[in-house]
Amino acid sequence: FHDHALMIIFLICFLVLYALFLTLTTKLTNTNISDAQEMETIWTILPAIILVLIALPSLRILYMTDEVNDPSLTIKSIGHQWYWTYEYTDYGGLIFNSYMLPPLFLEPGDLRLLDVDNRVVLPIEAPIRMMITSQDVLHSWAVPTLGLKTDAIPGRLNQTTFTATRPGVYYGQCSEICGAN
């Protein structure tokens, strides 16, 4: 898509520079330009056509990357005030809560406001579908290292897909103003 859009931009820039060059190097002898409705129609419709030529491939790519048809794992994340509940829907009744560790329980090397008591374990190099909702108020399920942020809204099920490309610990962060905790 980048190459497609860049070629259109190059063509537009070349056309504008060519018109500027012609304007600067030739004598303007045509005095009938002030009443050129055909020209006005062309320079009104041409940008609209160019925008459509850029938008159609962009929308196609957007919908292609939006959904994974056959994820390896589906996890449902339910936001509560001060903790999350995770359900591995592919594995029956595997449900657990994940609370932030209070500062008194942090071990050396643990990260304040990031470490939790129960971590979500994910496979690497496998497409994962996260279904995110909330039980009480608006929350935001965010993992900046994976480039993910999805709102958890009561009564609505949002979905995001991702693939962890390397092993490690990925920390989620609260990105809403939730109160004291």
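This chain uses plain numbering: 1 for the first residue, then up along the sequence.
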Just to verify, what does [X] make a side-chain contact (heavy atoms from CB on, under 4.5 Å) with, not counting sequence neighbours?
{"X": "T133", "result": "K76, I78, L157"}
{"X": "I8", "result": "H4, I12, I50, L53, I54"}
{"X": "L51", "result": "none"}
{"X": "V120", "result": "I75, Y86, Y88, F96, L122"}

Any residue meeting side-chain hydrogen bond (donor to acceptor under 3.5 Å, both in side chains) with N97, in chain and number order, not counting sequence neighbours =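 Expected list: T85.
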What residues form a side-chain hydrogen bond (donor to acceptor under 3.5 Å, both in side chains) with N118, not counting sequence neighbours?
->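 With neighbours one apart ignored, the set is empty.
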List, by chain and then residue number, the residues other than [X] in its hydrophobic cluster (Ile/Leu/Val/Met/Phe/Trp/Tyr, side-chain heavy atoms under 4.5 Å); write none if there are no others.
{"X": "Y171", "result": "L111, L114, V169"}
{"X": "L101", "result": "L106"}
{"X": "L6", "result": "M7, F10"}

I'd like to know if [Y] and [X] are part of one continuous hydrophobic network [Ile/Leu/Val/Met/Phe/Trp/Tyr, side-chain heavy atoms within less than 4.5 Å].
{"X": "L15", "Y": "I9", "result": "no"}
{"X": "V121", "Y": "V143", "result": "yes"}
{"X": "F162", "Y": "M131", "result": "no"}

Minimum heavy-atom separation for [X] and [Y], please, with both atom names.
{"X": "S77", "Y": "W84", "answer": "OG-CE3, 3.1 Å"}
{"X": "W141", "Y": "L148", "answer": "CZ3-CD1, 3.8 Å"}
{"X": "S134", "Y": "A152", "answer": "CB-O, 3.5 Å"}
{"X": "A164", "Y": "P123", "answer": "CB-O, 4.1 Å"}

Partners meeting salt bridge (charged side-chain N to carboxylate O under 4.0 Å, His left out) with R119 (sequence neighbours left out) =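 Partners of R119 under the salt bridge (charged side-chain N to carboxylate O under 4.0 Å, His left out) test: D115.
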Distance in Å, [X] [atom1] paired with [Y] [atom2], rounded so as to fall on 0.5 Å steps:
{"X": "T89", "Y": "I95", "atom1": "OG1", "atom2": "CD1", "result": "10.0 Å"}
{"X": "I132", "Y": "K149", "atom1": "CD1", "atom2": "NZ", "result": "12.0 Å"}
{"X": "N158", "Y": "T150", "atom1": "CG", "atom2": "OG1", "result": "6.5 Å"}
{"X": "T160", "Y": "R129", "atom1": "OG1", "atom2": "CZ", "result": "11.5 Å"}
{"X": "I128", "Y": "T161", "atom1": "CD1", "atom2": "OG1", "result": "10.0 Å"}
{"X": "H139", "Y": "Q81", "atom1": "NE2", "atom2": "CD", "result": "6.0 Å"}

Neighbour count above 12 (heavy atom, 6.0 Å) for F1 CZ |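 Yes, the 6.0 Å shell around CZ holds more than 12 heavy atoms from other groups.
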So do the side chains of T163 and P127 get within less than 4.5 Å of each other, counting heavy atoms only?
->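 Touching, per the 4.5 Å side-chain cut-off.
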With Y83, which residues qualify under ring pair (Phe, Tyr, Trp, His ring centres under 6.0 Å), at least two apart?
->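 By the ring pair (Phe, Tyr, Trp, His ring centres under 6.0 Å) rule, Y83 matches H80, Y99.
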For residues 100-113, pull every pair meeting side-chain hydrogen bond (donor to acceptor under 3.5 Å, both in side chains), keeping only residues two or more places apart or in separate chains.
->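 Pairs touching residues 100-113 that pass the test: none.
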Test item: D90 side-chain N/O and T74 main-chain N/O as donor-acceptor pair under 3.5 Å |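 Side chain of D90 to backbone of T74: a pair is present.
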